[in-house]
Amino acid sequence: MAEFRITDTVDITDVVCPVTFVKAKVALEELEEGEILSIHMNDGEPVQNVPRSIKEEGHRVLKLIHNDDGTYDLIVQKTEA
Amino acid sequence: MRMPVLRAASFERNSMAFTNEQLERYSRHIILKEIGPKGQKKLMKAKVLIIGAGGLGAPAALYLAAAGVGTIGIADADSVDLSNLQRQVIHSTADIGRPKVESARDSMLAINPEITVHTYHEYITSENISAIIRDYDFILDGTDNFPAKFLINDACVLEEKPFSHAGIIRFEGQLMTYVPGEGPCYRCVFKEPPPKDAVPTCREAGVVGAVAGVIGCLQAMEAVKYITGAGDLLTGRLLTYNALRSQFRTVPLPRDSHCAVCSYERTIHVPFDYELPTCDLK
């Protein structure tokens, strides 16, 4: 993760679809263009859907990190549509 | 190389703005690009006044409450009557005899306890209208008579308040949106109320409940669009709906440069009351 200058993080492991994406979207909204958000999410539905939805919004997915505990961190750069 | 810094405080700002419950309640709005988190916050801060808790006001109030409009005012002097229930879906059989504003408030809060509802159990007249509308961002005309429609138009123009006009009868409905400084007002299009008895009220002529539902929902949509800035409003256009033909039409509406209330030649400087047709007096 050290290669990215992460501005903010958001934990979406406490919510389920579609609030997973909604919570990530709200966190991205608070960032400036070009800033980077790390989204902490569970395996399964979140990791299948959230990265795709984030891409559809026009943001840049930089990396998906698979953690030892089975969770994921999605590194996203905010890009204005 | 700079190590990542976890700025938890920054996200707390987000979580203070939306609770997880709010994110879930409004998720279908927040997902929409045209609304998003900012639009939902605007809705939550907005104040909408609905004049008339009848066929138009009922669906509009339900949808605006569900949408999370933070403050909703509802004005109506009447009580719930059995004949209302065919279309005024905010009231129930158990509400018969109760003031409509109380029944409407209870239904709105049952859907969304987060919002604030102000009730005005009184007729809206030239005496009280300006003071009441002053506190609101958008006004929704859900009344059933021409004197009220002209009063609401004049007061909104004079107080520089945007509003949605609508009317329904039988199988038909129409609506338009007035925004100060843009497009025509209701009086630009319809100069004066029609002569008494020239146009029947929906009480005399009848109306299909779902027509009230369609038009009232379109009014709620205009309010949501005005508040969030999404899309194009019905300013300078009249939308008509013919349920029998299943047809919607939009008719362009020009401004009247001689309009008695919204032009530079204005002759109306304060709201006034037209006499109500006798059949509208209970």
Side-chain angles (χ1 to χ4, degrees), chain A residues 1-42 45-46 49-59 62-65 67 71 73-81, chain B residues 1-46 63-70 111-115 220-221 224-232:
Chain A
M1 293 227 302
E3 71 252 48
F4 303 111
R5 190 167 155 175
I6 291 168
T7 310
D8 205 350
T9 65
V10 59
D11 181 357
I12 61 168
T13 59
D14 60 339
V15 287
V16 295
C17 177
V19 185
T20 42
F21 169 58
V22 170
K23 196 168 179 180
K25 181 172 166 154
V26 169
L28 273 165
E29 186 88 12
E30 298 286 323
L31 299 190
E32 301 293 328
E33 164 123 39
E35 289 187 328
I36 293 172
L37 179 71
S38 172
I39 307 167
H40 188 59
M41 66 185 71
N42 284 323
E45 175 276 317
N49 294 327
V50 173
R52 190 186 61 218
S53 300
I54 295 277
K55 277 184 203 163
E56 280 172 8
E57 290 271 302
H59 303 295
L62 300 176
K63 194 171 187 181
L64 182 66
I65 300 160
N67 299 314
T71 62
D73 288 308
L74 182 72
I75 313 299
V76 178
Q77 184 171 42
K78 177 165 177 171
T79 311
E80 301 283 0
Chain B
M1 179 126 356
R2 193 174 140 171
M3 292 296 287
V5 181
L6 301 186
R7 282 170 47 189
S10 165
F11 184 67
E12 276 168 23
R13 206 171 61 224
N14 294 334
S15 48
M16 276 170 70
F18 286 109
T19 63
N20 277 1
E21 191 184 304
Q22 286 172 328
L23 289 176
E24 188 166 356
R25 180 183 284 274
Y26 304 120
S27 60
R28 302 312 194 267
H29 274 169
I30 296 172
I31 283 173
L32 295 170
K33 270 190 179 166
E34 293 80 357
I35 296 182
K38 282 181 188 157
Q40 187 58 44
K41 280 182 199 163
K42 286 180 187 169
L43 287 168
M44 290 159 73
K45 284 181 190 156
Y63 276 102
L64 292 176
V69 170
I111 290 175
N112 193 345
E114 285 195 341
I115 65 166
M221 194 63 241
V224 167
K225 284 175 3 191
Y226 176 80
I227 293 162
T228 59
D232 300 315

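Chain letters run A, B, ... following the sequence lines, proteins first, then strands; residues in each count from 1. The structure displayed is predicted, hence computed values, not measured ones.
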Item to complete: Please name the pair of heavy atoms, one in A/Glu29 and one in B/Pro37, separated by the smallest distance, quoted to 0.1 Å.
Response: OE1-CD, 3.5 Å

Worksheet, complete the sentence: Most contact-rich option vs chain A, by heavy-atom pairs under 4.5 angstrom, among B/Gln40, B/Lys38, B/Glu24, is B/Lys38

Worksheet item: Between B/Lys33 and A/Glu56, what is the shortest heavy-atom contact and its length?
Response: NZ-O, 3.7 Å

Worksheet item: With side chains defined as the heavy atoms from C-beta onward, is the minimum distance between B/Ile30 and A/Val26 less than 4.5 Å?
Response: yes

Discussion item. According to salt bridge (charged side-chain N to carboxylate O under 4.0 Å, His left out), who are the partners of B/Lys225, at least two apart in sequence or on a separate chain?
Written reply: B/Glu222

Worksheet entry | Under the side-chain contact (heavy atoms from CB on, under 4.5 Å) test, residues paired with B/Ala65 that sit two or more places apart | B/Ile72, B/Met108, B/Ile115

Worksheet, complete the sentence: Between the CG atom in B/Leu23 and the OG1 atom in A/Thr20, the distance rounded to the nearest 0.5 Å is 10.5 Å

Item to complete: Give a yes or no on this: more than 12 heavy atoms of other residues, nucleotides or ligands lie within 6.0 Å of atom CG of B/Asp232.
Response: no

Discussion item. Please report the interatomic distance NZ(A/Lys25) to CD1(B/Ile31), rounded to the nearest 0.5 Å.
Written reply: 7.5 Å

Discussion item. Tell me whether the count of non-hydrogen atoms from other residues, nucleotides or ligands lying under 6.0 Å of CD in A/Glu33 goes above 12.
Written reply: yes

